[in-house]
Amino acid sequence: MVSREKIVTLQVLRAFAFLGIFLSHTETIKHFEFGAWGVSVFIILSGFLMYYNHYDDKYDISIGESLKFSLKRIKKLYPLHIFTMLLALVFATQTLLGGGTLRSTALYIVNIVLNLTLLQTWIPSSAVYFSLNGVAWYLSLCLFLYFCTPFILKRASKLNRISDAIKVMVIVYMIQFVLAFATRHITIPYADFTHWFAYIFPPFRLGDYIIGVCLGFIYTRYDFKKSVAFSSVLETAAIVLALVASWMYVSVGHKWFCISLNYALSSLLLIFVFAEHNGIITKALSIKPLVYLGNISGEAFLLHQITMKYVSTIVNHWFSLHNAYIVGIISFVVTVICSQLWRKVTRQMKAVK
């Protein structure tokens with residue numbers, strides 16, 4: 001395995017992606033949807049970094065090797081996933097004891113099993129894929145993406161030119177476009193099929209991941225030297241595109257195209273310009289607090305929503321302060337503190353071993 005220089009500025013982009021997701025869950029921003037944007041950035045960035053860090057590695061293509069590869073990469077956050085799931089079970093159990101039916105009891109058990117095995121994203125019902133600690137669906141998605149990674153990197157190694165990678169990106173995106181378009185009139189009981197398919201379903205989001213891998217290929221072979229002015233214009237364009245896409249999600253609604261497809265271009269540009277960090281904006285944003293937040297973004301992502309539930313319960317019900325901004329600020333501080341504590345504890349446990 002080849003050791004490569006860490007692209008620190010991408011941690012800043014991670015920080016903004018997490019902040020976008022966090023703000024969307026506070027429900028304090030009405031005219032933009034930054035949560036779906038943040039998810040797209042995370043997925044495409046994961047593919048980008050996987051290629052950047054591992055394109056010279058050699059893998060045996062087999063189910064066993066793919067499973068080993070995926071479990072190795074998911075195990076860092078899996079204990080935290082179990083911890084947050086147990087915290088979420090407190091609310092789920094209270095609801096069940098408050099008047100559960102046979103169906104709700106069965107769903108309660110199924111959700112526990114699917115969350116433990118990280119298979120919840122394969123069921124087209126928000127009562128399942130958003131169950132317990134709702135954001136854990138992303139960990140379920142990552143398990144599948146990592147499982148496919150050895151095969152994807154093997155295929156990516158056959159790319160010769162930047163134009164080849166661009167062709168793959170366009171083809172993958174068009175396949176996603178056609179598939180999402182085809183779901184417009186599909187309806188199933190107890191579910192928004194289009195939302196599940198175009199936003200949650202792992203094989204569909206694999207397309208975003210592959211696009212990220214292709215971007216990684218382009219980045220490792222890109223040697224065109226840009227001026228600071230040109231880079232700054234490109235950075236501005238990426239930010240404007242992200243804002244427009246986030247506005248479309250709210251103004252147009254949760255349509256087949258706006259759920260995830262409209263974020264692809266802005267996510268690609270943002271990842272590229274933050275990796276290059278040659279313009280005024282990326283240089284100005286490369287500050288320690290944002291880098292720090294990006295470093296703990298994995299833990300913060302898993303912790304933030306369940307933290308909000310507990311903080312909301314305390315603030316709203318115990319102190320009767322029904323204010324989303326107060327809940328958001330307290331939740332953010334608690335999330336950051338708990339994320340750092342979790343990282344510190346896990347490091348100490350590894351040191352002991």
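Clustering of Ile, Leu, Val, Met, Phe, Trp and Tyr side chains at separations under 4.5 Å places Phe151 together with Ile61. Taking a 4.5 Å side-chain heavy-atom cut-off between Ile, Leu, Val, Met, Phe, Trp and Tyr, the cluster of Leu102 contains only that residue.
Residue pairs that meet the ring-ring contact (aromatic ring centres under 6.0 Å, His included) test with at least one member in residues 152-179, sequence neighbours left out, are Phe177-Trp256, Phe177-Phe257.
With rounding to the nearest 0.5 Å, the separation of SG in Cys214 from CG in Leu159 is 6.0 Å. Here the OG1-CG distance, from Thr194 to Asp192, works out to 6.0 Å after rounding to the nearest 0.5 Å. We find the OG-CD distance between Ser126 and Gln120 to be 13.0 Å, quoted to the nearest 0.5 Å. Summarising the geometry, atom CH2 belonging to Trp247 is positioned 11.5 Å from atom NE2 belonging to His31; distances are rounded to the nearest 0.5 Å. For the atom pair Arg205 CZ and Cys142 SG, the distance stands at 11.0 Å (nearest 0.5 Å).
In terms of modelled atom types and a separation under 3.5 Å, the side chain of Asn323 and the main chain of Ile326 share a donor-acceptor contact. For Ser131 (side chain) and Val128 (main-chain N/O), a donor-acceptor pair under 3.5 Å exists by modelled atom type.
Among Phe48, Tyr52, Tyr222, the one residue that satisfies the ring-ring contact (aromatic ring centres under 6.0 Å, His included) test with Phe272 is Tyr222. With Val273 as the partner, the side chain to side chain contact (heavy atoms under 4.5 Å, CB included) test is satisfied by one option alone out of Thr9, Leu234, Asn278: Leu234.
Checking Gln340 against Arg343 by side-chain atom types alone, no donor-acceptor pair falls below 3.5 Å.
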_Determine whether Tyr209 and Thr149 satisfy the following criterion, side-chain hydrogen bond (donor to acceptor under 3.5 Å, both in side chains), listing intermediate values before the conclusion._
CA-CA 9 Å; Tyr209 188 73; Thr149 296; 2.7 Å; yes
*Test Phe332 against Phe22 for ring pair (Phe, Tyr, Trp, His ring centres under 6.0 Å), laying out the working first.*
CA-CA 8 Å; Phe332 181 78; Phe22 183 90; 5.5 Å; yes
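Legend: residues meeting salt bridge (Lys or Arg N to Asp or Glu O under 4.0 Å) with Arg221, ordered by chain and number and at least two apart, are absent. Residues satisfying the side-chain contact (heavy atoms from CB on, under 4.5 Å) criterion with Leu97, sequence neighbours excluded, are Thr93. Scanning for side-chain contact (heavy atoms from CB on, under 4.5 Å) contacts around Pro202 gives Thr121, Trp122, Leu141, Phe144, with sequence neighbours left out.
No continuous path of ILVMFWY side-chain contacts below 4.5 Å connects Phe274 to Val233, so the two sit in separate hydrophobic clusters. One hydrophobic cluster, built from ILVMFWY side chains closer than 4.5 Å, holds both Ile200 and Ile188. Hydrophobic clustering (ILVMFWY, side-chain heavy atoms < 4.5 Å, transitive): Leu341 and Tyr78 are in distinct clusters. Connection of Ile44 to Met174 is established within a shared hydrophobic cluster, with ILVMFWY side chains joined at heavy-atom distances below 4.5 Å, either directly or through further cluster members.
Between His81 and Ile74 there is no side-chain heavy-atom pair separated by less than 4.5 Å.
Annotation: Trp137 is in aromatic contact with Tyr199 [ring centroid separation under 6.0 Å].
Ring-plane geometry between Tyr249 and Tyr263 is classed as tilted, the angle between the planes lying from 30 to 60 degrees on a 0 to 90 degree scale.
Across all non-hydrogen atoms, the minimal contact from Ile287 to Ala284 is CG2-O, 3.6 Å.
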